[in-house]
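Letters A, B, ... mirror the listed sequences (proteins, then strands); counts begin at 1. Atoms considered below: every heavy atom in the structure, side chains included; atoms not considered: hydrogens, waters and symmetry mates.
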Amino acid sequence: MSLDGVRVHLVDDVETAYECKRWLSTLDRVAIDTESTGLSKDTDRARLVQLGDARQAYAIPIEHPGWSALVVELLTRFEGDYVAHNLVFDDAMLRNALGVGLPETRSHDTRLKAHVIESTGSLALKSLAKRHVDPRAAMFQDDLSDVMTKSGWTWATIPLDYEPYWSYGALDTILTYQLDDVLDPLVQREAPASYDLELAVAWVCERMERRGVLVDREYTRAFADELSEYMEQAEAWCHAQYGVYAGSNVKVIEALQAEGIEFTQYTEAGRLSLDKHVLGAIDHPLAQTVLGRRQAQKMVTTYLQNYLDMSERDGRIHPSINTVGGMGKSPFEPGGSSGVRTGRMSSSNPNIQNVPVRGKASTKIRRCFVADPGHSWVKADFSQIEMRAMAHMSNDERMIEAFRSEGDFFVNLGRDIFADPNFKKSDPRRQLIKNGGYAKIYGAGIPKFAATAGVPENEAYEFMQRFDAMYPAVPRWIRQVERDALARLNDEGEAYVRSPLTNRKHVADAGKLYTLVNYDLQGMAGEILKMKIVEADQAGLGEFMLFPVHDEQNYSVPNEQFDDVLVTIKDVMNDDKLLNVPITSSIDVGPGWAASE
DNA sequence: AGCGCGGGCGCG
DNA sequence: AAAGCGCGCCCGCGCT
């Protein structure tokens, strides 16, 4: 496969349009790509639509009414398969421009295929094409940024007939087509189930993005104003009393040192730390005011103000749900983002997955999000899903039994571990058990576990001894994961594990093989939620879906259908077939996301 | 003005 | 022998 002799055409006259139509009618598969006014699936739209096969491609400027009608006709008539690189993005751009999208059952995505084959590395088309298609693909860098800044063009205004613009766009479909030829056999060989799941969930998530979440803007504005006012007062006080800006940690530390306070905690990079634990432990009005202001600022800037800004257009936020990797940098660059690591999904603009749920203001923040009029909010979340994954993977008989028998899982563990049949849910050791379980899942050492649980290290050590003795298949499985990964590192040059559910691959960084235990469990939990979202969609729940949060799915359900829909949600979320322990979930219902009282 | 970094912090 | 995993976003600060 190579780029020798490829041809690209701009559809700017009737003859070329006719040629394009005839060419397409001979194909059973076509690559499709769009150039858009920008990157927002909410507000941007396609300007140029490109169609290509292995040898040639057509670019069609759809701002011309005749050519937009042509594309609608082509899309309606074509009966073969589509392949795109980042399918749901192009689908959204087409919908926004033409009101017509791509058919879910006949469309494929090389970005998802690449992700399934190699969950590390760039998912950018050019970089993949360079590796898999033709090393010269990199020479066709469609880097238009220079000419754009020079000419004052944006993605919305760059002339459609500017040759580098449309020809590089067209070339991308040729690359996509050839890339698909290479990747598809690999996907079918390695992990077809993983790809099918990713493709299915991508479609459902696109619909969730489109729908968005209703924001109570008046309430949000009032709360934001209240906190902002508090911030201003706090800043004025810090400045008047101590001459410092409350936002500057360096200055605040200096001021507190002048008051005789000693600092002993250091940050990663070796500077003095002024995080919330340090501040919280200082009995001084400046420290407490700085802490209060910092918390208020977090609530306003990270949450409330974003909800207001981002819901201005239609009263709703439309968080991006990144099912495999963000639109941004590679996850291995610092600050890079994506769900690439474990196959969990991530969210951005705004991140709907880090909305406060514990602190003082959490209920008030969550109250910003409400069900649609005449609807109720339903939150369905899995119970201890990663623990259940650990029981399943290790196949530990006694841990499986603790899940299968009645009552609270951690209480059941407590009865085992402390040989106390009367162990109650209120027993303070229950927290130690929870911390211990998650320490196993995360691969924590004794010191970290002890610190998290707030117990001396010897106690933490002794607990782990008891835990391992009671559930011996767990440490055995952990050792097995690391042995397998080491063997693969030696044989194949890559330390990885594969998920038993879809054969999805999880790769460890060099020298951090222990992380694979966590990737395996976190990845399995992520896959389970994806499977359940797809299942829920197939059961007719798609139109009610709002967004996922790692182990929960949120819905806005019309009140007149409420009972039926709730039964279906429970049917989907509770499952005793998928793993060797039952999967159970809890359901919360209310007018909005905030826990109803 | 924009960028990268460090620090900090919200969630599972 | 030793190891807490995964995300996204905001601020202050120094640099270009």
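Between A/Thr342 and C/dG6 there is no side-chain N or O to OP1 or OP2 distance below 4.0 Å. When the side-chain nitrogen and oxygen atoms of A/Lys512 are compared with OP1 and OP2 of C/dC5, one or more of them lie within a distance under 4.0 Å. Taking side-chain N and O atoms only, A/Asn306 has no distance below 4.0 Å to OP1 or OP2 of C/dG8. Between A/Arg358 and the phosphate of B/dC11, there is a side-chain N or O to OP1/OP2 separation shorter than 4.0 Å. Proximity of A/Tyr303 to the phosphate of B/dG10: no side-chain N or O atom is located under 4.0 Å from OP1 or OP2. Contact annotation: A/Ser273 does not reach the phosphate of B/dG7 (side-chain N/O to OP1 or OP2, under 4.0 Å). Contact between the side-chain N/O atoms of A/Ser346 and the OP1/OP2 oxygens of C/dG8 is found at a separation under 4.0 Å. Put simply, A/Arg294 has no side-chain N or O that comes within less than 4.0 Å of OP1 or OP2 on B/dG8. Note on A/Lys276: a side-chain N or O is less than 4.0 Å away from OP1 or OP2 of B/dG10.
Both distances falling under 3.5 Å, in either a Watson-Crick or a G-U wobble arrangement, occur for no nucleotide opposite C/dG4.
Closest to the side chain of A/Glu482, out of C/dA2, B/dG12, B/dG10, is C/dA2. Here the side chain of A/Ala269 is nearest to one of C/dC10, B/dG7, C/dC5, namely B/dG7. For A/Ser248, the side-chain atoms get nearest to C/dC13 when compared with the rest of B/dC11, C/dC5, C/dC13. Across B/dG10, B/dG12, C/dC10, the shortest atom-to-atom separation from the side chain of A/Met299 is found for B/dG10. Residue A/Asn354 places its side chain closer to B/dG10 than to any other of C/dA3, B/dG10, C/dG4. Among C/dG4, C/dC5, B/dC11, the nucleotide with an atom closest to any side-chain atom of A/Gln522 is C/dC5.
At a cut-off of 3.5 angstrom, counting only N and O atoms as typed in the model, there is no donor on one side facing an acceptor on the other between the side-chain of A/Asn351 and the base of C/dG8. Scanning atom types as modelled, no donor and acceptor separated by under 3.5 angstrom connect the side chain of A/Gln353 and the base of C/dC7. No hydrogens or angles were tested; on distance alone, a donor-acceptor pair under 3.5 Å links the side chain of A/Lys298 to the base of B/dC9.
If you check every strand for non-hydrogen atoms under 4.0 Å, A/Ala439 touches a base. Nucleic acid contact for A/Ser362: none, since no nucleic acid atom lies under 4.0 Å from a heavy atom of the residue. Counting any heavy atom pair closer than 4.0 Å across all strands shown, A/Tyr245 reaches sugar-phosphate atoms only and no base atom. When heavy atoms are screened at a 4.0 angstrom cut-off, A/Gln297 is found touching the sugar-phosphate backbone but no base atom. At the heavy-atom level, A/Leu274 lies under 4.0 Å from the strands shown only through sugar-phosphate atoms.
The pair A/Lys532-A/Glu535 meets the salt-bridge criterion, since a charged nitrogen lies less than 4.0 angstrom from a carboxylate oxygen. Under the 4.0 Å criterion applied to side-chain N and carboxylate O atoms, A/Asp225 and A/Arg221 are assigned as salt-bridge partners.
Note: CG (A/Asn322) to C1' (B/dG12) measures 16 Å, nearest angstrom. Distance CG (A/Asp275) to P (C/dC11): 19 Å, rounded to an integer number of Å. Atom P of nucleotide C/dC13 and atom CG of A/Asn249 are separated by 8 Å, given to the nearest angstrom. Separating the CZ atom of A/Arg271 from the P atom of C/dG12 is a distance of 15 Å, rounded to the nearest angstrom. Atom CD1 in A/Ile365 sits about 13 Å away from atom C1' in B/dC11, given to the nearest Å. Atom CE of A/Met464 is separated from atom P of C/dA2 by 17 Å (rounded to the nearest Å). Between A/Tyr307 atom OH and C/dC10 atom P the separation is 11 Å, expressed in whole Å. Between A/Phe382 atom CZ and B/dC11 atom P the separation is 21 Å, expressed in whole Å.
Side chains of A/Lys364 and A/Tyr219 form a contact here, defined as non-hydrogen atoms less than 4.5 Å apart. Side chains of A/Trp155 and A/Leu39 form no contact here, defined as non-hydrogen atoms less than 4.5 Å apart.
Other residues, nucleotides and ligands place no more than 12 heavy atoms under 6.0 Å from the NE2 atom of A/His239. Within a 6.0 Å radius of CD in A/Glu229, other residues, nucleotides and ligands contribute 12 heavy atoms or fewer.
The six-membered or imidazole ring of A/Tyr519 lies away from that of A/Tyr496, with a centre-to-centre distance of 6.0 Å or more.
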